[in-house]
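Note that the structure is predicted; figures quoted are calculated from it, not measured.
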Amino acid sequence: MNGSADEMSKQEEFVLRTLEERSIRFVRLWFTDVLGFLKSVAIAPAELENAFDEGIGFDGSAIEGYARISESDMLAKPDASTFSVLPWRTESPGAARMLCDIFLPDGTPSPSDPRNVLRRVLHEASEMGYTCYTHPEIEFFLFKNPPEPGVSPIPVDQGGYFDHTPAIVGHDFRRQAITMLEAMGVSVEFSHHEGAPGQQEIDLRYADALSTADNIMTARHVIKEVALDQGVYASFIPKPFTDHPGSGMHTHFSLFKGEENAFYEEGAPYQLSAVGRSFVAGILAHAGEFTAITNQFVNSYKRLNGGGEAPTLINWGHNNRSALVRIPAYKPLKGNSTRVEVRSPDAACNPYLAFAVIISAGLKGVRERYTLEDFSDNEKTLSLPNNLDQAISAMESSALVRETLGEDVFEYVLRNKRAEWLEYRRQVSAYELDRYLPIL
């Protein structure tokens, strides 16, 4: 959990007091499995004080990637700093939620808890004197119809980039979603219609990496709740349409030493410091190894290889919006805004694990003083994995990803993704039937 024991005690007291004052009867404890799916258990307010002290027991073997049956007992302890009343549960009695940290029965943090995986990497950054801040641009689609086998999704509109007309329903959706998010303490910086029909983007405000990952999990849930309320369906599938760009989650990263941005150096190319350049070099050096985490589904590679501005090469640039890592334009007199943008992740990833591997790669570049010039020769430019199978193979031999995720999470992801690839490979696609049935 975040903060000192005294701070946590004050936060816990605030939570208990708020529950009583607002007559909240249900407290939902949220946590995330290894694949990035949200899990929840609801408890009565009377049980919460004990949950803060001892946690709520659950069967870890029933959660994707958490434990084997022989070691299944786990404890979910709510983090009082993440407390929020659920704004779509306004009728009495109300409901609230908190995110949880997962512990083993002996009180040690679970090595399989994605939140703990990211926290370990951020502790490493802290040991080096840095705090890591992130800013994600979450893209997703709104469809008129819920998923149904054999039925194509229908976008809610035919809008394009930044469109805002009475025929475009997305702006009403975004207004309600942002209102809900901000009611839960999640600050939004921008929102707009994206380039494909029905495609939306909501950008969360800069925050420390752990808070940002928490906020992404909250945002994905809120977006789906608002969609249901409006009679549409929201999806973070990376590439639903062959002929339109897919949805990514471009994420901006920066390291701070106290109040100073360690990426900023006045007069340097792009105002990017030696630390920033080494951070980028670390990401590029290990990008192929961690792509199975940042782009974890078969469909993720349809986006990466589907045109638009999705990156396919392990490269960097300034104005090149198809680069894997982009250095955004420097804002005069705003050195603290210097940052790097990683453009490969999609919003279907587990944000805790995705941030962990990206930051870990960047920190290794800083620690070992990687040079960005090593990645400036176009003739040497490598490609990102073309499919999930290639990504699995690259990850399998990666010491960095294994160390970052920990042995349990690393092995589980490999098993799960291998199974997904094998299942996908045996499927007969609509493309094959449409192309070959008439001629063979």
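- In the displayed structure, D243 atom CG is contacted under 6.0 Å by at most 12 heavy atoms of other residues, nucleotides or ligands.
- In summary, of the residues considered (F279, Y130, Y270), a ring pair (Phe, Tyr, Trp, His ring centres under 6.0 Å) with F263 occurs for F279 alone.
- Using a distance-only test at 3.5 Å, with no hydrogens or angles considered, no donor-acceptor pair links the side chain of E289 to the main chain of H286.
- Under the 30°/60° scheme for interplanar angles, the aromatic rings of F236 and F140 are found to be tilted.
- Summarising the local packing, OH of Y424 is surrounded by 12 or fewer heavy atoms from other residues, nucleotides or ligands at distances under 6.0 Å.
- Between atom SG of residue C100 and atom NZ of residue K77 there is a gap of 11.0 Å, rounded to the nearest 0.5 Å.
- Looking only at distances, a side-chain donor or acceptor of T82 sits under 3.5 Å from a matching main-chain atom of L99.
- Within a 6.0 Å radius of CD in E266, other residues, nucleotides and ligands contribute 12 heavy atoms or fewer.
- When every heavy atom of F37 is checked against every heavy atom of M217, the shortest pair comes out as C-CE, 4.5 Å.
- For N116 (side chain) and S110 (main-chain N/O), a donor-acceptor pair under 3.5 Å exists by modelled atom type.
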Start with the C-alpha distance between R97 and T218, add both sets of side-chain angles, then the distance that settles side-chain contact (heavy atoms from CB on, under 4.5 Å), and finish with yes or no.
CA-CA 10 Å; R97 76 91 210 254; T218 300; 2.7 Å; yes

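- Judged by distance alone, the side chain of K239 and the main-chain N or O of H244 form a donor-acceptor pair under 3.5 Å.
- Here CD1 of I56 is found 11.0 Å from CD1 of I102. Values are rounded to the nearest 0.5 Å.
- Between R115 and D101 there is a salt bridge, since at least one side-chain N of the basic residue sits less than 4.0 Å from a carboxylate O of the acidic one.
- Using a 4.5 Å cut-off on side-chain heavy atoms (C-beta onward), F190 and E201 make no contact.
- Put simply, OG1 on T179 and CZ on R174 are 12.5 Å apart, with the number rounded to the nearest 0.5 Å.
- Using a 3.5 Å distance cut-off with no hydrogens or angles, the side chains of N261 and S254 do not pair a donor with an acceptor.
- In the model, S247 has a side-chain atom that pairs as donor or acceptor with a side-chain atom of Q199 under 3.5 Å.
- Y352 has its side chain within reach of L210: a pair of non-hydrogen atoms, C-beta onward, lies under 4.5 Å apart.
- Under the 4.5 Å side-chain criterion, counting only non-hydrogen atoms from C-beta, L405 is in contact with I293.
- The backbone N or O of T131 sits nowhere less than 3.5 Å from a side-chain atom of D208 that would complete a donor-acceptor pair.
- Remark: side-chain polar atoms of Q296 are paired, donor with acceptor, to backbone N or O of L35 under 3.5 angstrom.
- Minimum heavy-atom separation, M184 to P87: CG-CD, 3.4 Å.
- Salt-bridge formation is detected for the pair R418/E396: a Lys NZ or Arg NE/NH1/NH2 atom is positioned less than 4.0 Å from an Asp or Glu carboxylate oxygen.
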Could you walk me through whether L382 and L313 pass the side-chain contact (heavy atoms from CB on, under 4.5 Å) test, one step at a time?
CA-CA 6 Å; L382 300 175; L313 300 177; over 6 Å; no

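- Taking CG from L142 and CG from D157, the interatomic distance works out to 7.5 Å, rounded to the nearest 0.5 Å.
- R277 has a carboxylate O that lies under 4.0 Å from a charged side-chain N of E373, or vice versa, which qualifies the two as a salt bridge.
- Of all heavy-atom pairs spanning V409 and P111, the tightest one is CG2-O, 3.6 Å.
- Judged purely by atom type and a 3.5 angstrom limit, H135 uses its side chain to pair as donor or acceptor with the backbone of L204.
- Looking at E411 and R402, their side chains come closer than 4.5 Å, going by heavy atoms from C-beta outward.
- For the pair V188/E182, a side-chain contact is recorded, criterion being any heavy-atom separation below 4.5 Å from C-beta on.
- Between the side chain of T108 and the backbone N or O of L104 there is no donor-acceptor pair closer than 3.5 Å.
- Heavy atoms of other residues, nucleotides or ligands lying less than 6.0 angstrom from CD of E260 number 12 at most.
- A side-chain donor from one of E137 and H252 sits under 3.5 Å from a side-chain acceptor of the other.
- A salt bridge does not link E13 to K10: none of the charged side-chain nitrogens sits closer than 4.0 Å to a carboxylate oxygen.
- Screening L388, L384, N386 for a side-chain contact (heavy atoms from CB on, under 4.5 Å) with Y301, the sole residue that qualifies is L388.
- By the 6.0 Å contact criterion, CZ on R367 is enclosed, its count of non-hydrogen atoms from other residues, nucleotides or ligands being greater than 12.
- There is a side-chain donor-acceptor pair under 3.5 Å between Q176 and D229.
- Side chains of S360 and F290 form no contact here, defined as non-hydrogen atoms less than 4.5 Å apart.
- Interatomic distance, CD1 of I178 versus CD1 of I223, reported as 9.0 Å (0.5 Å rounding).
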Under the criterion side-chain contact (heavy atoms from CB on, under 4.5 Å), I'd like the reasoning laid out for L372 against L284: C-alpha separation, chi angles, the key distance, then a yes or no.
CA-CA 9 Å; L372 193 54; L284 296 175; 3.9 Å; yes

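- The two residues T291 and P385 make their nearest non-hydrogen contact at OG1-CD, 3.8 Å.
- When side chains are defined from C-beta on, F31 does not count as touching D113, because their heavy atoms never get closer than 4.5 Å.
- At least one donor-acceptor pair under 3.5 Å links the side chain of T251 to the backbone N or O of M249.
- With contacts defined as side-chain heavy-atom distances shorter than 4.5 Å, the pair F83/Q11 does not qualify.
- Of all heavy-atom pairs between L304 and S344, the closest is CD2-O, 4.0 Å.
- Between the CZ atom of F355 and the CG atom of N350 there is a distance of 10.0 Å, given to the nearest 0.5 Å.
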Evaluation steps, side-chain contact (heavy atoms from CB on, under 4.5 Å), between W30 and H221:
CA-CA 11 Å; W30 288 3; H221 186 73; 3.7 Å; yes

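- Closest of all the heavy-atom pairs between C349 and A354 is SG-CB, 3.7 Å.
- A donor-acceptor contact shorter than 3.5 Å links the side chain of K224 to the backbone of A234.
- Applying the 6.0 Å contact sphere to CD of E368 captures more than 12 heavy atoms from other residues, nucleotides or ligands.
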